[in-house]
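A short worksheet on the structure shown next.
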Amino acid sequence: MFSLLRLLPPRNFKSISKVSPLQRWIHRTFSSAAASLQHISHIVDFKVLFHSCTTVNVTKQLHALLLVLGKAQDVVLFTKLVTLYATLGDLSLSSATFKHIRRKNIYTWNSMVAAYVRCGRYRDSMDLVSELLSIPGTVRPDFYTFPPVLKACVHLVDGEKIHCWVLKMGFEHDVYVAASLIHLYSRFGVVGAAHKVFVDMPVRDVGSWNAMISGLCQNGNAAEALGVLDRMKAEGVKMDTVTVSSVLPVCAQLNDVVSGVLIHLYVIKHGLESDVFVCNALINMYSKFGRLQDAQMVFDAMKVRDLVSWNSVIAAYEQNNEPVTALEFFKGMQFVGTQPDFLTVVSLASIFGQLSDWLIGRAVHGFVIRRGWLEEDVVIGNALVNMYAKLGSIDSAHVVFEQLPVRDVISWNTLITGYAQNGLASEAIDAYNMMGECRTIVPNQGTWVSILPAYSHVGALQQGMKIHGRLIKNCAYLDVFVATCLIDMYGKCGRLEDAMSLFYEIPRETSVPWNAIISSLGIHGHGEEALQLFKDMLSEGVKADHITFISLLSACSHSGLVDEGQWCFDMMQKEYGIKPNLKHYGCMVDLFGRAGNLEKAYDLVSNMPVQADASIWGALLAACRIHGNAELGTFASDRLLKVDSENVGYYVLISNIYANVGKWEGVVKVRSLARDRGLRKTPGWSSVVIGNVVEVFYAGNQTHPQCTEIYKELRVLIAKMKSLGYVPDYSFVLQDVEDDEKEQILTSHSERLAIAFGIISTPPKSPIRIFKNLRVCGDCHNATKYISKITERNIIVRDSNRFHHFKDGICSCGDYW
DNA sequence: TTAGGGTTAG
């Protein structure tokens, strides 16, 4: 518009600033001087004017000018306006302009069709093409008509119909039309049809290759996509920005760092790094590789950044567990005035979940509600369910889940995982069963990865095996994450042999399955084998990570392998540069403490660079109990109750230490402390599987149909145990009651009920497997040794820590629990 | 004057 203003005489120019809007002014000025109109329409370069139309308002002014200049029937200029309005997002002006053009040519029709597609009005674009086909005359669809319509078909279901039109008119070999067809078929998952269009093309340009490559990628055929890329290169077609931005996600998916970096070099060499799509794809790829520095380097070098760039860099830090840095980038995004979209908020939800920031997490939820995004996309709802689950607020997670207008398989997976990770295994199983009732939901890899740990947790071997059977049918068990869950399930359900044989069946290039099998060996007390497997892992060239060392250190600690544990701990730091975290320190304190080296354990706690938490003091306290060190025990319990005064299990431990050294006043003190604080114990339960039925017992259960028989069996057992020297250890009872009542309380502990039920429900001498959700009680541990001797049975108890194999009066754990 | 193929997700 400014080039036009410069043409005007200064006398009139003066009045412009006062007489606004421009449209009115133009009308008055020019209609009074028809000669000037002619003059101006000759010298004004409309192309330049179109170029400066960057907003709807300016375009409206140009539109008015064209009308004033008597150009209303200039089909070329008005066709341009149709496109321009649509590009600027004003479809109603676009279609109004279209309707006013009397002598529409094919350019006009094509522009309107494309305008509808650009603004997401797919059905209207189809209707317009039908209208065009139905009107008699010489205006017929051409090469240009179909690519936008085919794009519309991606969102509709008329793809086949349009392909027929295309074939009928003989347009299928046009490179633009063919690329759209390939894209369309790929989007509908019909890769074969897409490929046929591709191979039938007599001439292919880079766009054709791009369509085929991205089509393959979007259907999960990543390796094939790279194959097509190689063929493209072999035919001498050069990659452009579109090729690069389609292929980089493939490198990320295949974890192919070498190809990814080579393509990055190509980008630099060919000057493609000014393309926003390319840079965004690079950021995402480096993020998936975990190479945050490279991702940030690309981001920093970008001259133009769009919403996707910011989302990508925020997600990069969020997904690599650096929520604080991610948040800084979010602030940077706000600083430059880029408005967040729902994907930004998906990252934010995860960030505040990771940061355990409940208040801001809720604010994010409120923001989503105000924007109405929950109704728009299921992804954002799932992100909120996940956020609340991570914040430990599983009830809120459930409420959001219930309110979701649409639930997909990921909504269910997120809920199941949420329950499982908050220790609510049976709720997770209930959710999984409810999901099974929704016919529209097909479980996927994520479902198995969420439900199997819940089964492991409660020891539901049968159900776990049922899933294994289902997965064998479609080879889904070969997926390394699913297989790892199965290994873990077999390990935790006492089937170590099955865990081992599955381990040797599956691909094991990453540390993930190794960590699971090492951990399984550990909880079964097979420390030596765990170490051997660790050595095998290294000789197979698999890189150990911090989880490997947690599995390994805990295996050493369960088996009392002090020197070996120390060796691993040193190697982890020196050779792998892994800084020990609280879990590693916890294992080491356990290891030294259990072996009786309390001084070393205490030294480690005192010299840790991180603040000791309850698990560390708990480990030290447990060691003090085993070795009867009341002095250090008192100190540790003091510290322990400062960091966690809510866990009643610790009070039991402390009371037990005092009792063992005869400090009865200490026992009384701890009991009253527990009572005054109103601590309620996490309900302990034990389960035993009889046939296919899982029987669950809570302490003091009186409601089981075979209750009378169970207690009768227990009375018989107690009498025999006492004759063999069993003395009940009342220090495991926190209630302040008489001794005979304490004995009664111990006798009705859940593990003992489960064992008694196992004895009366299975043939003599057959093994009994028990699961307990907490650590097995010390007195029950002692009692079970006697029971295994009296009944000549193997009794296998899995508690929250490890397996205890009781046989002939001895426990595999060496009385450490 | 009109057109294709591309980057971010729970």
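Within every chain, numbering begins at 1; the chains are lettered A, B, ... in the order of the sequence lines, protein sequences first and strands thereafter.
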ask   = Are the aromatic rings of Trp448(A) and Phe481(A) close, with centres under 6.0 Å apart?
value =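 No - the distance between ring centres of Trp448(A) and Phe481(A) does not fall below the 6.0 Å cut-off.
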request  = Only counting residues at least two apart or in another chain, list the ones meeting salt bridge (Lys or Arg N to Asp or Glu O under 4.0 Å) with Arg291(A).
outcome  =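 Asp294(A).
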In whole angstroms, how far is the [atom2] atom of [N] from the [atom1] atom of [X]?
X         : N      : atom1 : atom2 : result
Leu216(A) : dG6(B) : CG    : C1'   : 15 Å
Asn110(A) : dG4(B) : CG    : P     : 11 Å
Phe146(A) : dA3(B) : CZ    : C1'   : 12 Å
Asp341(A) : dT7(B) : CG    : C1'   : 13 Å
Leu248(A) : dT8(B) : CG    : P     : 10 Å

Tell whether [X] reaches the base of [N] with its side chain through a donor-acceptor pair below 3.5 angstrom.
X         : N      : result
Asp240(A) : dG6(B) : no
Asp174(A) : dG4(B) : no
Asn105(A) : dT1(B) : yes
Ser246(A) : dG6(B) : no

task = Check whether any side-chain N or O of Arg118(A) sits under 4.0 Å from OP1 or OP2 of dA3(B), and answer yes or no.
result =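 For dA3(B), OP1/OP2 do have a side-chain N/O of Arg118(A) under 4.0 Å.
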Side chain to side chain donor-acceptor pair (under 3.5 Å) pairs, two or more places apart, involving residues 364-378 of chain A =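 Non-adjacent pairs meeting side chain to side chain donor-acceptor pair (under 3.5 Å): His365(A)-Tyr388(A).
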query = Stacking between Tyr107(A) and the base of dT2(B) (centre distance under 5.5 Å, interplanar angle under 30°)?
reply =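 No, aromatic ring not over the base.
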query = Any side-chain donor paired with an acceptor under 3.5 Å for Ser287(A) and Asn284(A)?
reply =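 Their side chains do not contain a donor-acceptor pair, so the 3.5 Å distance test is not met.
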ask   = Across the strands shown, which category fits Asn284(A) at heavy-atom distances under 4.0 angstrom: base, sugar-phosphate, nothing?
value =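 Sugar-phosphate only.
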